[in-house]
Structure formats: C-alpha cells, structure tokens
Amino acid sequence: MLEIKDLHAGVDGNEIVKGISLSINKGEVHAIMGPNGSGKSTLAKILSGHPAYEATSGEIIFDDQNLLEMDAEERSLAGVFMGFQYPVEVPGVNNAEFLRMAYNARKVKAEEEEIDPLDFDELLSGKMKMLGMEKKYKERNLNDGFSGGEKKKNEILQMAILEPKLSVLDETDSGLDIDALRIVSEGVNKLRNENNALILITHYQRLLDYIKPDFVHVLSEGKIVKSGDKALALELESQGYDWVTKAD
Amino acid sequence: MSDEKSSVSDLLEDNQYKYGFTTDVESETFAKGLNEDVVRAISKKKNEPEFMLNFRLKAFAKWKTMKEPAWPNVHYPSIDFQNISYYSAPKKKKVLESLDEVDPEIMRTFEKLGIPLDEQKKLANVAVDAVFDSVSVATTHKKKLMEQGIIFCPISEALQDYPELIEEYLGTVVPVGDNYYAALNSAVFTDGSFVYIPPDTISPMEISTYFRINTEETGQFERTLIICAENSYVSYLEGCTAPQFDTNQLHAAVVELVTMDNAEIKYSTVQNWYAGDKETGKGGIYNFVTKRGKCAGVNSKISWTQVETGSAITWKYPSCILQGDNSSGEFYSVALTNGHMQADTGTKMIHIGKNTRSSIISKGISADQSSNSYRGQVKIGKNATNARNYSQCDSMLVGDKSSAHTFPYIETANSSVQVEHEAATSKISEEQLFYFESRGISRENAIEAVISGFCKDVFKQLPMEFAVEAQKLLTLKLEDSVG
C-alpha cells in the first residue's frame, strides 16, 4: 500500500529525515518511535503534504501513485488521513458542517451525489455512537475551545467519517490522560480492518498497550535504526532510547 | 442579485476587478471647479424649485466655512475640490419618454453589471433605479409600484413631481451643515433615488438603486431619501461599481431614511467600488458617505446591513436616531480591506425615546497591507429610560501586514440603561487552510467556510441572493491574500 524509498527531507533547508525506507501493507499497524528530534514529526509532515516541508530525494508510492507529487487535498482524496498532533482551531465553522464538506469532497471526486445535511446527520450520529462521543461534537465549532483530549477525539471522529485507507496518527497520545487515551485507542481499534493500514507516530510505548502494532521502528537522527515487533517497544520502555541509538 | 446575473466568479475572474471597464458615451460634463455659479448651474440644469436652490446655497455657504475631517484613521493626500467636475450626464436630446431612448451603450453597461433594465429582461422581483455618473438613467417597475401608491423615482424627478414631500423631509435627518462631505453633497448633489411608502403598505418587491461611476474626473454626489409612513415596510438594496482609473474619484453620498409609527426600513448595501491597484495602491474611489435614519415614530425600526468590499478609502457610519418610544436600530456590517485599502467605518446609535433598543454587529476583515477600523458611538439621552444596546465588534486579520482597530464610544445620561460591548480578534491562517486541505477540502471552499462562519451573523440579514453573492465576493477577494 505504502512504499517509502530512501526518503530525505527537511524544513528550511535543514535535512532532518536522512534516508528512510519503509514498506506497509494493508491490514498492518506500524509504530514509529524515537526520541525528540529523531525526525518523527518531519516524516509525519511530509506524509501529510505540509507545504513548509520538502522531500529532497527518495520516493513515496501510495497505491501506485507518487505521493510527493500530490498536494494535501489530493492525498486526502486518495485515502491518506493525517491525525494531527496539534489540530488547529477554526472558530465560526461548525464541526458537523466541516465533516460534511470533507465527506462530500470524496463524493464529488467519485462523481456521486453529495449527501444532504439530514442524511449526513444520521451517518455522523452512528459514528459518534460507535466511538462513544457526546453530542457536543456536532454542535460546536471546529476544535474551537476544545481541550487537548477533545481535539484528539475529534481527529478520530474525522477518521471514522472519512474511512481512509492509510491513517497516520502523529503523537495522538500526547496530552491525553489515561481515560482519554483509552477512549481514543478503542475508537482507533474499531476502525481497523484488513483493508486499511495505520502508522502510529509516538514517543511513548503506552499507546501501544492499547493499539497493538505489528511492527515497531525506531528512528534516530533521521534514520530507522532498529525494527522489530511489539517486544521492541517494551524493550525501549525499560531501557530508554540510548539503548538503540548507542547500539547503532 | 438575480439568477440572470452571471456569478461573481465570472465577473471577478483571476481575482481582477471585472467592473473596471468604461463605457464610451457622449457626456455633457461641467468644467472642473466649484463656486456658487456651479451650484446655481446644477440647480438650473435640473430645473429645480426655488427651495431646492436655497437649500443648496445654504449648504455651500456652510461648506466653505468647514474643514475636511482629520479624525478618521485614514491617510490620503488632501483633495483638490477645484479639480473635480460636479456634473456629468450622458447627452440626450430631450426628456426620456421610455427606456428605448436610453443610450444602448448604457443599457449594455448595466446588463454587463448584471442589472438588465429593459422590459423583457428586467429583474422580476426587484425594482431598480440605475444611476450613471450624475443622473438616473432608468427606473424599472415604477408603474407597478405606483398601483399601491409607492413612489420610486430619481430624486430629480421627485423634485418636479412631489416637491412638497422633498421640501418636508430633505435635510431633516442629515442637516446641510452636518459634516464636511454632507454639506458638499447638499450643495452639489445631482441625482439619486426617492422612495415613499404610503401608510399601511408592505412594498411588494425589493427596491434598489445601482450606482455606476463612469467618467474619470467627476465626483458622484448622490442623494437618497426614503420615507416609510405608518405601518409600512420596505427593503431597499444598493449596489455600486466603478471603472478602473489611476486617479481617485470622489463619491460623497448622503442617504436619509425616515420611519413613522410602526414602520420599518431595511437597507442593505453591497459596495464594490474600484479599490485601486492592489500592488501600488494607485487609483480607486474615495467613499465618503453619510447615511442616517430617523425612527421618528413609535415602534419603528431601521436596520442597516452593509458589505463593504471596495473603495480605496471608506469613511462611512450608517446611523440611527431612535426618537420614537420603543423604536429600534440595527447595524450589521462586514468590511473587507485588502491591498492598500483603508476603511474607517461603523455606526452611531442615538437613543432619545424610551425603551429604545439598538444592536451593532461589526465584522472587519483586513488583508495585505490594508487598515480596517471600526468606529462606533452609542449615545443615550437622559429621557431614554430603559434603553438597551448590544455591540459586538470582531476583527479578522489575514497575513501579518494588515491592521485592525476598534474605537467604541459610549455615552449614557440615563442610569436605567443597559449597554454591552464585546470585541474579539482572530486570524485566518495558512495552518487553518492546510487543515481543510488535508481533509480533501479545496482551498477556495476552505476560505469560504471560514469567512462565512465569521460573517454569519451579518450575512443572514441580507436577502438570500445578495448573501450568496457577497460571500463569493469576499472569498475571491481573499484568495490571494491568505498566507
């Protein structure tokens, strides 16, 4: 589904990702871990198509398409979802209306009829029920005045509505208390299936207690220095990042 | 404004000002300059009754003693009032009997602007008075309105046909010496619209005036007077565009509204005068306008809604004098500035009667290097027992070179009143738009969503088609500025 080949990338002319290769198949969950400054965020930004970040060499192929040549809008419509570390607040724009715009953008691309507000409300209510989310998420404005935890939950709601093929969740666990972490993780688990894939970018292993990864990759100084299974994450937890970065 | 109107996107293709064309018509234009003879000549040209000439002369005498206001938060080289022509009209041989006699070029101009005037194509539910430079060239649906006793005609015509109404009301809301530009307008105004709604009448259609400046060195000084008698209602719309010139044109209008007992006037404006070159700031309209309504009767209401998207400089404070007990005034405004535009706009709510209410919702959007100021005054007199005001002034900044200012003035002389003021500043950022894009929503739709969210409270006051057009207009104007 996703093939990253020798990716070099950075921001403002500073190279931060220095040759990452990674292959992800449908149905898989990959965790990317690493200390601060290891290039996790840059990798996430590059995957999302953020205009400030630039890939200097290498390739990212998603479903036979060259992802690096697509802008954020095209990537989203192709089925890539980015769960942001810091979702931006948009006052004045109703959350449900925003979700419907995003949903309809896909309908337009598929040359299907757009969904009207009433039918969408039904769809939205169903997803919210599944995720155990309160009614306020429909009524409030997009992330406006949301707490850190509410913003992350709202990202998962968007993911549920858009049903992406590949989701990249960037530090979704940061800033969440243990209850919020559990709710968000349960939501993500419900959305997993054999046709979609998940990349979890995280600093801590605690998220992986809730969302079980098939593969764990450790980033250090812009490169993957170690790959393994869930056991690697536990090892990191007990020994710290020095263990892998020094072993390199 | 109508379904016949091509969408704003067509007219504003590539973000250019699409109304910037000029029409080649033979005009009769006065030599530049202003003195008493010019004032007399205008009055004579229009064959006005004597009271009108006296009104003009009084205003002119007053104007000569006045100074251009220096308090607005706008900057421009001082205007040479002797370098402006005060009258320009398309040449015609005789009084127009029907639309067939209007220069076809002018008819085409208005059609291009989305305001078809001829009988077959005219807008079904809107009566239009089309003002071209200094004169009204056509008014639609006049007869149909007259069936209900509604008078809708150019003010120059009203001076001939209904001089007693004009004499009774003109200058009663905005006195001749009210302010510098109002005095100038009172001396030299050339045309505009007159509306009279008789008692117990709900106007069956929207009434509107469309202003077009065509000549380069002419000022446009139009005068609008709307009177709504007891238990009546009218919704009035105003639109404006001008060609693209490197020089600045002066537009100094005066609008007066009067409502009697239980009457209501709803006045909506979408102003899109040429704003000058976006990069250099060269050219554009100086829009120095005095708009004021008087709620003379009990339970009467005046509501101003404005969407200001053009002009190099805007200086405008549509206001309400709440004289009748239980009367109410409303002001809803969206003012967008981009490029080098400067706007100093807001309202005045003068509470005189008991239980008078006013509300002010102002949304300023500033982009590029522009400056956008809200200036508002709420004044509550000593007899205005239980008066209430609510003001909300929000600013949105686009980019980091623009500025927004808020100058609220509140004065109360009665202790039973309630006055509330809220203000907030927000920003439309690249990060917000990226967030939309990362969900598959186009940049254009994203800007539209953010702007319409910000302006929601004002747009919902506009007639439907107007609201849709206004929203598109704002989106197109901002597309290049975000980032």
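Here is how names work: the chains are called A, B, and so on, in the same order as the sequence lines, proteins then strands, and each is numbered from 1.
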- More than 12 heavy atoms of other groups within 6.0 Å of B:Arg388 CZ: no
- Query: Hey, is NZ on A:Lys129 packed in by over 12 heavy atoms from elsewhere, all under 6.0 Å?
  - Reply: no
- Query: Pick from A:Arg106, A:Glu97, A:Glu74: which one has the most heavy-atom pairs with chain B under 4.5 Å?
  - Reply: A:Arg106
- Between A:Leu77, A:Leu162, A:Asn104, which shows the greatest number of heavy-atom pairs under 4.5 Å with chain B? A:Leu77
- Item | Donor-acceptor side-chain pairing of B:Glu430 and A:His50 below 3.5 angstrom | no
- Query: From B:Tyr435 OH over to A:Leu142 CG, what is the distance, rounded to the nearest 0.5 angstrom?
  - Reply: 5.5 Å
- Task: Take atom CD of A:Glu113 as the centre, draw a 6.0 Å sphere, and report whether it contains more than 12 heavy atoms from other residues, nucleotides or ligands.
- Result: no
- Message: Any side-chain to backbone donor/acceptor pair from B:Arg439 onto A:Tyr103? Under 3.5 Å, distance only.
- Response: no
- Query: With a 4.5 angstrom heavy-atom cut-off, which part of A:Pro87 approaches chain B: side chain, backbone, both or neither?
  - Reply: both
- Query: NZ of A:Lys26: more than 12 outside heavy atoms within 6.0 angstrom?
  - Reply: no
- Please say whether more than 12 non-hydrogen atoms of neighbouring residues, nucleotides or ligands are located less than 6.0 Å from CD in A:Glu194. no
- The interface call for A:Leu99 against chain B, heavy-atom contacts under 4.5 Å, is neither
- Given a strict heavy-atom distance threshold of 4.5 Å, which part of A:Glu89 is in contact with chain B: side chain, backbone, both, or neither? backbone
- Around B:Glu279, counting heavy atoms of other residues, nucleotides and ligands shown, do more than 12 lie under 6.0 Å from its CD? no
- Query: Of the listed residues (B:Ser442, B:Ala449, B:Ser426), which shares the most heavy-atom pairs with chain A below a 4.5 Å separation?
  - Reply: B:Ser442
- A:Asp64, CG atom: more than 12 neighbouring heavy atoms under 6.0 Å: no
- Between A:Asp71 and chain B, which part of the residue has a heavy atom less than 4.5 Å away: side chain, backbone, both or neither? neither
- Item | Interatomic spacing from CE in A:Met82 to CZ in B:Phe434 - rounded to 0.5 Å | 8.0 Å
- Task: State, to 0.1 Å, how close A:Met101 and B:Asn445 come at their nearest heavy-atom pair, and which atoms those are.
- Result: CE-O, 3.6 Å
